[in-house]
Amino acid sequence: MNFEMKKHYQPQKVEKKIYSFWEKNGFLKPKKSKAKPFSILMPPPNANAPLHIGHAVFVTLEDILIRFYRMRGRPTLWLPGFDHAGFETQVVYDKKQKPDKNLSREQLYKDIWNFTQKNRKIAREQLKRLGASADWSREKFTLDKDIVKIVLDTFKKLYKDNLIYQGNRIINWCPYHQTSLSDLEVTHQEVEGKLYYIKYPFTNGKNYIVIATTRPETMLADTAVAVNPRDKRYKKLIGRKVVLPLVGREIPIIEDMAVDINFGTGVLKITPAHDPVDFEIGERHKLPLIQVIDKKGRISLDPQLITSKPDLKELDELPVSQARKIIVKILKEKGFLEKEEPYRHTISVCYKCKTPIEPLVSKQWFLKIRPLAKKAIEVVEKDKIRFYPKRYKKIFLNWMRNIHDWNISRQIVWGIRIPIFYCQKCKKIIVSEKKPKKCPDCGSKNLIPETDVFDTWFSSGQWPFAALGYPNGKDFNTFYPTSVMETGWDILFFWVARMIMLSLYRTKKIPFYNVLLHGLVRDKDRQKMSKSKGNVIDPLGVVKDYGADALRMALVFGTSTGSDIIISEEKIRAQRNFANKVWNASRFVFKNIGRDFNPKKIKPKLTKEDRWILKELKKTEKKITKAIENYRFHEAAEEIYHFFWHRFCDKTIEDCKKRLIDNDRETPKWVLWQVLYRSLKLLHPFMPFITEEIYQRLPARPKKALIVEKWEKG
RNA sequence: GGGCUCGUAGCUCAGUUGGUCAGAGCGUUGCGCUUACAUCGCAAAGGUCAGCCGUUCGAGUCGGCUCGAGCCCACCA
């Protein structure tokens with residue numbers, strides 16, 4: 001067959017070859033030019049697992065933009081990287097590698113390091129297979145020395161600016177993973193629980209008040225009972241005292257506006273050490289903290305209390321869920337339980353293991369985020385940063401306006417260690433990445449390091465300027481702020497919000513102009529993809545069977561920007577068929593124009609049909625250009641699909657078939673060449689491999705490669 | 001408790017600022033191997049654009065309400 005083109009396009013045979021052709025020729029690096037730069041930082045995939053379909057989505061969308069702007073002649077940078085992904089990776093690592101529990105901290109860190117580097121290599125190759133035209137010479141890792149240095153500098157600066165504090169505050173504790181979590185790492189789950197009504201007698205022994213609670217076991221740590229000052233029923237009681245049942249401790253009745261008059265009995269028991277609301281109320285009223293639940297999520301009683309109240313002994317060391325049953329039993333026996341009602345409510349659970357979160361008071365590092373949030377709100381309100389789809393602006397602002405201080409410390413090994421040393425002698429806190437020779441205050445050499453590491457989002461929140469080499473890097477000066485931040489909406493708060501805040505703080509500039517958010521990938525029954533459901537589509541498997549081009553096209557076809565992406569094998573197959581159509585139309589054209597065809601040597605005498613298709617082509621170029629500029633990828637994809645298949649193939653090629661045996665054979669050849677050539681360009685951002693492969697066979701191709709061809713705006 | 005999104009052909013979805021759209025892909029049915037392609041071509045069937053009311057000369061496209069589906073945030077014990 002002419003030009004050695006087989007009847008069916010075989011992506012497996014060309015994709016790898018084409019990719020290395022691009023890479024070897026330096027086409028993936030930004031070219032020098034005076035035009036305005038275009039840049040995207042790749043959301044660094046976690047270096048702990050192979051790529052999933054979600055990664056294929058970002059590769060597709062970002063690569064479309066990158067290829068589009070590269071062809072438009074802008075110095076275009078797509079900077080790839082990988083994330084050490086602290087807690088996430090440690091969880092994956094524990095599950096997969098089942099490390100020896102006796103490993104030293106250093107050895108464990110080293111093992112996880114090797115684990116991530118292995119995965120990073122795999123993921124990098126996979127990104128290439130998907131066609132990601134990123135500049136690999138600039139690849140970064142979130143634990144690269146220069147990145148870590150910037151992250152630590154940011155911490156130091158925040159510390160200096162009094163935006164960091166270490167506090168004994170109530171935090172979300174995961175009893176399973178043995179670490180604190182930020183508010184975002186906690187999800188809420190509805191459960192069928194019970195509301196227990198417990199009698200708290202007054203100190204004079206006459207009468208009692210009743211409180212309603214879902215967590216009776218925490219009563220052991222109550223240090224007050226609160227009512228709303230506006231509650232007429234209880235107003236008179238404020239200032240009196242009650243005796244804590246079972247424990248016998250006298251605790252005051254206080255007033256606080258946070259108490260909801262209409263809930264339960266309108267009386268709230270206050271357990272500052274084990275409930276976030278109570279903690280705040282406790283702070284307002286300077287209530288003591290009594291801890292009865294430990295980090296394993298078990299009851300842990302003061303030995304003295306057990307001695308004085310032997311009835312409580314059986315509770316000691318019980319997990320809270322069991323302790324709840326026992327304490328209810330005891331309360332019932334002793335007549336303190338008025339009643340219990342079924343009650344549906346939500347509890348907080350660890351987003352990874354779904355273990356109920358134990359609110360505990362613990363020493364952690366916090367970032368006062370409000371001042372940073374304020375600036376972020378400003379730039380978004382003023383549309384200095386735009387969101388696509390627009391609705392995310394509101395969502396973003398709403399979250400930003402209600403932000404709480406951020407617990408940035410994690411009690412895990414894998415991550416960037418918080419650069420703090422404690423002087424054991426004078427208790428001074430020293431900010432330093434390396435162990436100082438001695439304490440600057442008392443001169444003691446007895447210094448021990450902080451073992452907590454940063455929340456991984458604290459470092460990835462600095463990705464935009466860190467990866468580009470802030471403050472003096474050439475790339476930072478050229479490409480920052482970046483043009484577009486494209487990522488999934490599920491990490492809008494985790495990542496996008498933090499990037500905006502931390503970048504503004506460090507660089508005084510926005511990190512990017514546009515935020516483009518894509519949705520979740522679902523199967524054809526709208527089900528979320530998950531291993532347990534067995535409906536996952538492995539992107540690399542698809543690449544192997546149908547080619548990366550078909551997968552990419554299927555991911556944008558028929559899904560509007562930002563909404564969930566429905567994908568199915570049928571859809572991918574349809575796009576594989578389209579690829580084949582492109583292949584065969586090209587075969588037809590090549591066969592008819594011949595190897596030595598040169599359009600420049602021809603003066604075409606255009607027919608009505610010719611003028612029609614050229615006009616359609618121009619219209620298509622215009623529409624696609626506009627659609628991509630506005631992130632309406634599905635419109636662009638569908639436009640080129642229909643133009644190529646139903647106008648070029650169905651009409652023009654059929655028309656030319658007749659004319660190629662006519663007197664004027666040169667005009668149809670010219671038209672076929674022209675339309676094919678320009679169609680390849682239009683299609684290239686979506687289906688880079690097949691279009692490049694065909695381009696390489698195109699007679700009289702103007703450039704060495706399609707990837708660096710000039711885009712036609714129409 | 002606050003907020004968001006969605007209900008358009010059998011299925012999954014498009015329909016930028018209201019006036020050529022009632023559409024695409026897959027599926028279905030009937031014919032076709034014609035200078036590429038059966039991973040194809042030609043033709044066909046199908047929806048009162050969830051329901052009701054309103055704004056308008058005119059509404060899937062704007063406003064209100066109802067019903068139904070999904071999601072996010074949240075310190076109601």
Side-chain angles (χ1 to χ4, degrees), chain A residues 1-2 5-9 170 183-184 186-188 193 195-196 211-216 218 226 258-271 274-281 343 345-346 348 359 389-392 394-395 397-399 402 404 489-490 492-493 519-520 522-526 528 546-547 550 553-554 557-592 626-627 630-632 634-635 637-639 641-642 645-646 649-650 653-654 656-661 672:
Chain A
M1 174 53 69
N2 199 17
M5 287 173 83
K6 292 240 169 69
K7 196 158 127 181
H8 287 167
Y9 170 61
I170 195 141
D183 293 344
L184 283 177
V186 168
T187 58
H188 302 275
L195 199 51
Y196 301 92
I211 59 97
T213 180
T214 55
R215 295 201 63 188
T218 62
V259 180
D260 183 347
I261 296 174
N262 298 315
F263 185 90
T265 59
V267 188
L268 178 62
K269 67 190 227 20
I270 307 297
T271 321
H274 297 296
D275 183 280
V277 176
D278 295 6
F279 181 83
E280 285 185 12
I281 295 176
Y343 182 60
H345 64 120
T346 53
S348 300
K390 277 206 290 278
R391 63 172 181 276
Y392 286 108
K394 216 176 178 181
I395 294 172
L397 287 173
N398 188 47
W399 185 78
N402 296 307
H404 289 42
W489 56 254
D490 53 325
L492 176 63
F493 305 142
L520 226 61
R522 295 173 184 276
D523 70 9
K524 60 180 189 302
D525 302 318
R526 299 208 101 260
K528 209 186 256 188
Y546 298 104
M553 197 66 172
F557 211 82
T559 49
S560 63
T561 310
S563 59
D564 287 346
I565 296 162
I566 311 291
I567 189 93
S568 61
E569 186 148 349
E570 293 86 75
K571 210 170 155 188
I572 296 163
R573 204 177 293 132
Q575 295 308 325
R576 185 273 317 263
N577 293 354
F578 176 56
N580 195 238
K581 188 76 182 176
V582 174
W583 183 253
N584 276 292
S586 307
R587 272 206 324 153
F588 175 85
V589 172
F590 292 164
K591 180 181 163 194
N592 281 287
K626 215 177 148 200
N630 292 311
Y631 310 121
R632 305 176 65 87
H634 62 288
E635 274 181 16
E638 285 163 46
E639 199 60 44
Y641 181 97
H642 287 113
W645 199 315
H646 300 302
C649 292
D650 291 356
I653 287 186
E654 291 308 320
C656 287
K657 274 181 186 171
K658 295 171 220 145
R659 292 163 55 200
L660 284 162
I661 51 176
L672 289 173

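Throughout, protein chains are lettered first and strands after them, A, B, ... in sequence-line order, and every chain is numbered starting at 1.
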N/O to N/O distances under 3.5 Å, protein versus nucleotides 22-27 of chain B:
unit_1, atom_1, unit_2, atom_2, d
B/A24, O3', A/His642, NE2, 3.3

For nucleotides 8-10 of chain B, give me every protein contact, N/O to N/O, under 3.5 Å, one pair per line with atom names.
none

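When the side chain to side chain contact (heavy atoms under 4.5 Å, CB included) test is applied to A/Ser563, the partners found at least two apart in sequence or on another chain are A/Ser560. Listed by chain and number, the residues in a salt bridge (Lys or Arg N to Asp or Glu O under 4.0 Å) with A/Glu570 amount to none (sequence neighbours excluded).
Atoms OG1 and OH, on A/Thr213 and A/Tyr343 in that order, are 10.5 Å from each other to the nearest 0.5 Å. Within the model, atoms NZ of A/Lys626 and CD of A/Glu635 stand 9.0 Å from one another, a figure rounded to the nearest 0.5 Å. The structure places NZ of A/Lys528 at 9.0 Å from CG of A/Asp564, a figure rounded to the nearest 0.5 Å.
Atom CZ in A/Arg632 sits about 7 Å away from atom P in B/U16, given to the nearest Å. If you measure from atom NZ of A/Lys7 to atom P of B/A36, you get 10 Å, rounded to the nearest angstrom. Atom P of nucleotide B/A38 and atom CZ of A/Phe578 are separated by 17 Å, given to the nearest angstrom. Between A/Ile565 atom CD1 and B/A14 atom C1' there is a gap of 14 Å when expressed in whole angstrom units. For the pair A/Asn580 CG and B/A38 C1', the interatomic distance rounds to 10 Å; values are reported in whole Å. Between the C1' atom of B/U35 and the CE atom of A/Met5 lies a distance of 15 Å, rounded to the nearest Å. One atom, OH of A/Tyr9, and another, C1' of B/C40, lie 19 Å apart when rounded to the nearest Å. Rounded to whole Å, the distance from CD on A/Glu635 to C1' on B/U16 is 7 Å.
The C1' atoms of B/C37 and B/G23 are separated by 26 Å, rounded to the nearest whole Å. For B/A45 and B/G58, the C1' atoms lie 30 Å apart once the distance is rounded to whole Å. A gap of 11 Å separates the P atoms of B/G63 and B/U5, to the nearest Å. Distance check on atom P: B/G46 versus B/G7 gives 24 Å, rounded to whole Å. Taking the C1' atoms as reference points, B/C6 lies 35 Å from B/A77, given to the whole Å. Of the C1' atoms belonging to B/G10 and B/U28, the separation is 8 Å, rounded to the nearest Å. Comparing B/A9 with B/A14, their C1' atoms are spaced 13 Å from each other, to the whole Å. Taking the P atom of each, B/A69 and B/G27 are spaced 31 Å apart, rounded to whole Å.
The side chain of A/Phe588 lies closest to B/A36 when the candidates are B/C4, B/A36, B/U39. Distance from the side chain of A/Ser563 is smallest to B/A14 among B/U35, B/A14, B/G3. Checked against B/C4, B/U39, B/C42, the side chain of A/Asp650 finds its nearest nucleotide in B/C42.
Glycosidic torsion of B/G64 falls outside 90° of 0, placing the base in anti.
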Would you sort out whether A/Asn577 and A/Lys581 count as a side-chain contact (heavy atoms from CB on, under 4.5 Å), showing the intermediate values?
CA-CA 6 Å; A/Asn577 293 354; A/Lys581 188 76 182 176; over 6 Å; no
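Checked by distance alone, A/Asn630 brings no side-chain donor or acceptor within 3.5 Å of a matching partner on the base of B/U16. Counting atom types as modelled, A/Lys657 pairs a side-chain N or O with a base atom of B/A36 as donor and acceptor under 3.5 Å.
Among the heavy atoms of the strands, none lies under 4.0 Å from A/Leu492. Among the protein residues, A/His8 comes within range of the nucleic acid bases, having at least one heavy atom under 4.0 Å from a base atom. Within 4.0 Å of A/Leu660, counting heavy atoms only, lies at least one base atom of the nucleic acid.
Here the closest non-hydrogen pair linking A/Leu672 and A/Phe588 is CD1-CE2, 4.2 Å. For A/Val277 against A/Asp275, the heavy-atom pair with the smallest separation is N-OD1, 2.9 Å. Closest non-hydrogen pair, A/Gly562 versus A/Pro389, comes out as CA-CG, 3.8 Å. The two residues A/Asp183 and A/His404 come nearest to each other via the heavy atoms OD2-CB, 4.0 Å. A pairwise comparison of heavy atoms in A/Ala212 and A/Gly264 identifies CB-CA, 4.0 Å as the closest pair.
Each of A/Lys581 and A/Arg391 has a nearest nucleotide on RNA chain B; the 5'-most of these lies closest to A/Arg391.
Paired runs in RNA chain B that reach 3 or more consecutive Watson-Crick or G-U pairs, where each pair keeps both distances under 3.5 Å, cover B:1-7 with B:67-73, B:10-13 with B:23-26, B:28-32 with B:40-44, B:50-54 with B:62-66.
Ring-plane geometry between A/Phe578 and A/Tyr641 is classed as tilted, the angle between the planes lying from 30 to 60 degrees on a 0 to 90 degree scale. Taking the six-membered ring for Trp and thresholds of 30 and 60 degrees, A/Trp583 and A/Tyr9 have ring planes inclined between 30 and 60 degrees apart. Aromatic ring pairs are classed by plane angle as parallel below 30°, tilted from 30° to 60° and perpendicular above 60°; the pair A/His642 and A/Phe557 is tilted.
Residues A/Asp278 and A/Leu268 have side chains in contact (heavy-atom distance under 4.5 Å, counting atoms from C-beta outward).
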Can you give one letter per nucleotide of nucleotides 71-77 of chain B, going 5' to 3': B for a protein heavy atom under 4.0 Å from the base, S for sugar-phosphate only, - for none?
--SBBBB
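No side-chain donor from either of A/Tyr546 and A/Gln575 sits under 3.5 Å from a side-chain acceptor of the other.
Using a 4.0 Å cut-off, no side-chain N or O of A/Lys6 falls inside it from OP1 or OP2 of B/C37.
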